[in-house]
Structure formats: structure tokens, C-alpha cells
Amino acid sequence: MSLVATRFAPSPTGPLHIGGVRTALFNWLFSKNNKGKFYLRIEDTDKERSKDEYKNQIIQSLKWIGIQHDDKEYIQSQNINKHKEVANELLKKGFAYKCYCSEDEIKEQKEKAKKKGLPFVYNRKWRDSKNLEIPKNVDPVTRFKSKMSGNNLIKDLVQGNVNISNSIIEDFIILRKDRSPTYQLSSVVDDHLMNITHVIRGDDHKINTFKQKQIYEAMNWKMPEFAHIPLIHSESGSKLSKRDKASTINDYIKLGIISDALRNYLLRLGWSHQDKEIFTLDESIKLFNLKGVGKSPSKLDMTRILSLNEHYIKHIDEKELFKLLKIYCKDFKKSIDNPKGHTLIKSMKFLKNKAKTLEDIYQNAQYILNNYLQISPEDLKLLDDPSINILKDFLNQYEKTSIISKESLEKIINGLIDKHKTNFKGVGQPLRIALTGSRFGPGIYDIILSLDKNETIKRLKLV
RNA sequence: GGUCCCAUCGUCUAACGGUUAGGACAGGUGGUUUUCAAUCACCUAAUCGGGGUUCGAUUCCCCGUGGGACCGCCA
């Protein structure tokens with residue numbers, strides 16, 4: 001048995017889609033599960049729309065989520081000559097022919113078909129006609145001679161047996177009028193050249209398999225196995241489009257989703273292993289298989305992503321979490337300087353408990369990151385005279401305390417509760433407002449312990 | 001319109017033809033709590049409809065219904 005090799009073959013015509021990420025993930029997991037190779041192939045043969053910027057973005061995105069491709073990425077456009085050679089071979093062997101129909105002619109046929117409510121199949125005008133006069137002003141396209149009768153069966157690793165009538169497959173184009181190869185051709189040639197053993201791709205490619213299979217047969221090449229995975233739908237149930245708010249991987253990164261969480265979410269979308277919900281990277285490699293892939297499309301669920309993200313935020317190492325936060329702030333907020341960073345590391349322990357996203361942590365850390373606090377009018381009202389007196393008393397004792405610990409603070413606060421005949425809230429609330437600018441936030445001990453002593457004093461004196 | 005695919009709680013999904021149809025997320029109720037959270041306990045909630053096959057159908061078959069994909073000189 002040959003070494004398993006899979007590939008992810010995006011076209012760099014836009015930022016990487018969340019569905020694409022899952023396809024890449026499944027390919028990668030499948031190959032690693034089989035101790036095989038995973039390749040990245042950039043299908044940039046559409047020169048009009050392909051952009052280097054997108055290519056880089058795709059590579060970055062895959063890297064972000066932890067998918068490493070073997071070898072260097074394969075750039076399809078660099079292999080165009082090989083694709084053309086194959087087209088010529090097919091032509092020579094009689095598996096393909098030149099079609100001199102003008103684009104207008106084809107357009108007309110399509111409109112006719114549409115009017116009659118029939119599916120469009122090219123009428124194969126040039127398929128066998130040697131006696132037609134070749135027009136001088138038309139650059140021909142090259143079409144593949146698709147089978148016209150009988151049935152064709154694909155044994156799909158996810159979909160099972162799929163059977164269609166050959167008559168619905170038209171003589172598809174393999175070389176455009178400018179002689180550049182189309183996807184159907186390039187994809188097959190490259191998969192063959194790269195020794196791809198398993199093609200795992202979106203459901204939307206299923207029909208292409210019937211076209212591509214015929215090229216394999218004509219060239220007498222070994223067919224890879226195919227697995228067509230159902231597509232991901234938006235929350236409303238329709239096809240995921242670029243217009244959806246969160247459709248690209250960057251949208252999620254911006255939201256403060258961490259890679260482990262998104263990876264785990266995508267893994268479980270359309271795939272399952274018993275009742276297991278949380279998978280480490282190693283576990284997912286060890287357990288992934290195509291049998292666990294379902295056949296029905298699944299909807300994106302933001303609350304689930306958030307909940308998984310919350311889980312990972314709580315469970316990953318705090319230093320690691322801080323690193324992620326730092327990168328996040330640098331990319332989407334503002335960079336964290338060293339002294340603040342130092343305070344933040346100490347505070348991750350409680351900051352993370354309130355957070356579903358890195359953005360949440362960032363928000364919760366505002367009282368540390370900002371030098372000046374903005375107290376909302378509503379909170380300001382809570383700082384009445386008795387409260388101010390409590391704060392003054394607290395400041396007084398706090399300044400005199402040499403060792404600041406939870407115990408010493410407890411002592412002070414309990415003393416104040418007695419003295420001012422109030423409860424914990426009576427002391428805690430004004431303190432929280434004075435120190436963080438808000439009556440909501442982390443525990444009061446956590447706040448005081450996280451802030452530098454001078455900073456605490458400064459803030460208390462300001463009110 | 002044609003071809004193909006799919007169908008279990010709101011969502012992601014589990015269940016060799018025999019289960020009180022399970023888990024997770026979301027939602028709800030209560031406990032805990034200095035706030036917001038978090039946390040713990042409990043609860044609600046599904047086999048699309050109709051026919052078969054079978055002692056027995058979520059599971060197999062057929063028909064309907066609903067959803068989706070494809071129908072580019074895009075990939």
C-alpha cells in the first residue's frame with residue numbers, strides 16, 4: 001500500500017473560508033492519522049482573481065490553526081506546461097477534440113435550454129465532425145470526449161456509492177481558447193503528479209469527480225480515493241457566503257477565538273467520536289477517521305464556538321494564554337508594554353474566569369491597561385459621602401500596611417465593615433469603583449493584589 | 001426545470017433491527033457568591049409524514065414533504 005497523501009487545494013481568490021479550514025483540517029488529520037503526507041496546493045490558474053495577498057493569508061491561517069503542510073506549497077500555475085502536455089496527449093489519443101463554437105453560440109444554446117426548462121449540455125457539435133468548415137476568427141477550446149451512454153459509479157468514502165447517468169456530463173472544457181488549462185484538467189494532473197491517494201473535499205465538487213474520473217481512465221492513471229464532505233451552512237441554514245458576518249477564519253481571530261477552540265469546534269462539526277467533545281491535537285490525530293463524518297450539512301453555531309473557546313481559555317496554561325493575549329492585542333488593539341504585561345500575567349488567573357474570548361480578557365483588563373479611569377455617571381452616583389469616608393479610612397490603613405496580602409486586606413476591610421456599620425458590599429463596591437472605574441469586575445482582593453501599591457494609592461487619592 | 005445528496009432535541013451529534021432514544025452547547029429553575037461572572041444540582045426539549053418488510057423499525061425498502069449541492073472558457 002502506498003503512503004497516504006492528501007492535499008488541500010484552495011484558490012487564492014479570497015480570504016480563507018471557515019469551510020475551507022475544516023476541509024484542510026480533515027485532510028490533514030486523515031493523513032497524519034495514517035502517518036502520511038499532507039500537501040498544500042495553491043490553485044492560482046484563474047489569473048484574474050488570484051492574488052498573492054490571499055495566498056499568504058491562506059498559508060498564515062492554516063499555520064495559525066496548527067496545520068502544517070509537508071514540503072513547500074505547490075503552486076499550480078508553475079506547472080501549466082505539464083497540464084497542456086496532457087491535454088495534447090488526450091487530443092492525440094482521441095479523448096479530446098477542438099471545439100470552434102463561438103462564445104455567443106454557446107450562450108444561445110444555454111438560453112434555449114433554459115427556456116425549455118432543460119439542463120444545458122453542450123451539443124457536441126465538433127466532437128466527430130471532420131467535414132465542418134473551421135472558422136478562421138474563432139480560437140478553439142479543447143473539450144474532453146465525455147461518455148455519452150451508460151452509467152458511472154463513484155465509491156465515495158463518505159457518500160457511499162453514487163451512481164449517475166453519463167449522459168448528463170457534457171464534453172467539458174480542458175483547455176480554454178487562450179490554451180490555458182481549466183480546473184478539471186489541472187486538478188487531475190496535479191493530483192496524479194503529487195501521488196495523492198485521497199481527495200477529501202467539499203460536497204460541491206462531487207459532480208467534478210465524474211468528469212475527472214474519465215481523465216484518469218483516459219490517461220490510464222490510478223484514481224485516488226474520494227471523500228466528499230457535506231458543506232457548512234450559516235446559522236440561517238443557507239450556504240455560507242462571504243457576506244456572512246463571520247465566514248472567514250480572520251473574523252474569528254479578530255473576535256478573540258483561540259486556535260485550539262476553533263480547531264476543536266471544526267473537528268466536531270460534521271464528525272464525531274462517541275460522546276467525546278474535547279479533543280487535544282494529538283487525540284484528534286489519533287481518533288480521526290472518515291467513518292465518523294456525517295452525510296448531512298451542518299450549521300454554524302456561534303454560541304458553541306464561544307463555549308469551546310471559554311473552555312480552552314480556562315484550561316490552557318496561563319503563560320500560554322498571556323502570549324496569545326499579547327499577540328491578539330498587538331494585532332487588534334494596542335500593544336501591551338512590559339510593566340503592564342507583568343501585572344497582567346499575575347492577573348490571568350482571575351481575568352480568564354470571566355472571559356469567553358481574548359477580547360473579553362482585554363476588556364476585563366482595562367483597569368490595568370489604562371492609566372486614567374473613566375467612571376460612568378451611574379457608578380459615580382454610588383460614590384456618596386459615606387462611601388468616600390470609607391475609602392479615606394481604607395487608604396489610611398492601606399498606606400500603613402507593609403505586607404499586602406489577602407489576610408492583611410481582609411483584616412482592614414472587616415474592620416471597616418464594623419466601624420461603618422455596613423456589609424461587605426458597602427466597602428467592596430466603592431473600592432471596586434475607585435480602583436477599576438466600574439462596579440462590575442473581578443473580586444476586590446484580586447484587584448488590589450494585582451495593582452501596584454503606589455498605583456492603588458494614586459487611584460484612591462483621585463476620588 | 002434536470003441530476004445527485006441529505007433528514008434524531010433550537011444547534012452539533014450518539015444509538016450490531018430490541019435503549020426509559022444518550023451526550024454536549026444553548027435555554028430554564030434552584031444552591032453558592034461583595035458585583036458581574038464562574039461553579040454545582042436539577043429541569044425542558046427530538047426520531048419530518050405515509051405506507052411496507054419484520055415478533056419488533058430512529059435503523060432496511062418505497063412514496064411524499066422539506067432542506068442542500070451542482071448545472072461557468074471559476075475553482
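Hydrogens, waters and symmetry mates are skipped; everything else that's a heavy atom, side chains included, is used. Quick note on labels: first sequence line is chain A, next is B, and so on, each numbered from 1.
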Quiz prompt | Nucleotide B:G72, atom P - distance to OH of A:Tyr122 in whole Å | solution = 15 Å
Quiz item: Under 4.0 Å between a side-chain N or O of A:Thr182 and OP1 or OP2 of B:G72?
Solution: no
Quiz item: For B:U65, which nucleotide in any strand shown is its Watson-Crick or wobble partner with both distances under 3.5 Å?
Solution: B:A7
Quiz item: For the pair made of CG in A:Asn264 and C1' in B:C25, what is the distance, rounded to whole Å?
Solution: 12 Å
Practice problem: Please list residues of residues 146-159 of chain A whose heavy atoms come under 4.0 Å from any atom in RNA chain B, ordered by number; otherwise none. | Solution: A:Gln159
Self-check item: Rounded distance (Å) that lies between atom C1' of B:A69 and atom NZ of A:Lys295
Solution: 14 Å
Quiz item: Separation of A:Leu306 atom CG from B:A37 atom P, in whole Å?
Solution: 15 Å
Exercise. Round to the nearest Å and state the distance from A:Leu231 atom CG to B:G67 atom P.
Key: 17 Å
Quiz item: Is it true that the NZ or CZ of A:Arg263 lies under 6.0 Å from the centre of A:Tyr265's six-membered ring and within 45 degrees of the ring axis?
Solution: no
Quiz prompt | Identity of whatever pairs with B:A15 - Watson-Crick or G-U, under 3.5 angstrom | solution = none
Quiz item: Which base, if any, makes a Watson-Crick or G-U wobble pair with B:A21, both distances under 3.5 Å?
Solution: none
Practice problem: Identify whether the distance between the nearest side-chain nitrogen and carboxylate oxygen of A:Lys314 and A:Glu310 falls below 4.0 Å. | Solution: yes
Exercise. Using a 4.0 Å heavy-atom cut-off across all strands, classify A:Glu103 as base, sugar-phosphate, or nothing.
Key: base
Quiz item: Would you say a side-chain N or O of A:Lys206 is under 4.0 Å from OP1 or OP2 of B:C5?
Solution: no
Quiz item: B:C74 C1' sits how many Å from A:Asp46 CG, rounded?
Solution: 6 Å
Quiz item: Is A:Asn163 touching bases, backbone alone, or none of the nucleic acid, heavy atoms closer than 4.0 Å?
Solution: sugar-phosphate
Quiz item: Within this structure, what is the NE2-to-C1' distance between A:His205 and B:C5, rounded to whole angstrom?
Solution: 16 Å
Self-check item: Spacing of the P atoms in B:A7 and B:U44 (rounded, Å)
Solution: 28 Å
Quiz prompt | Sorted by number, the residues of residues 427-443 of chain A with heavy-atom contact under 4.0 Å to RNA chain B | solution = A:Arg432, A:Arg439, A:Phe440, A:Gly441, A:Pro442, A:Gly443
Quiz prompt | Gap between atoms CD1 and C1', on A:Ile229 and B:A69 respectively (whole Å) | solution = 14 Å
Quiz item: Reckon A:Val162 touches a base, only the sugar-phosphate, or nothing at all at heavy-atom distances under 4.0 Å?
Solution: sugar-phosphate
Quiz prompt | Sugar-phosphate only, base, or nothing, as touched by A:Ile173 at under 4.0 Å among non-hydrogen atoms | solution = base
Quiz item: Looking across every strand, which nucleic acid part, if any, lies under 4.0 Å from A:Lys314 by heavy atom: base, sugar-phosphate, or nothing?
Solution: sugar-phosphate
Quiz item: For B:A41, what is the paired nucleotide under Watson-Crick or G-U wobble rules, both distances under 3.5 Å?
Solution: B:U29
Quiz prompt | Pairing partner (Watson-Crick or G-U wobble, both distances under 3.5 angstrom) of B:G1 | solution = B:C71
Exercise. Determine, for nucleotides 11-19 of chain B in 5'-to-3' order, which nucleotides have protein heavy atoms under 4.0 Å from the base (write B), from only the sugar-phosphate (write S), or from neither (write -).
Key: BBSS-----
Quiz prompt | Identified pairing partner of B:U59, criterion: Watson-Crick or G-U wobble below 3.5 Å | solution = none
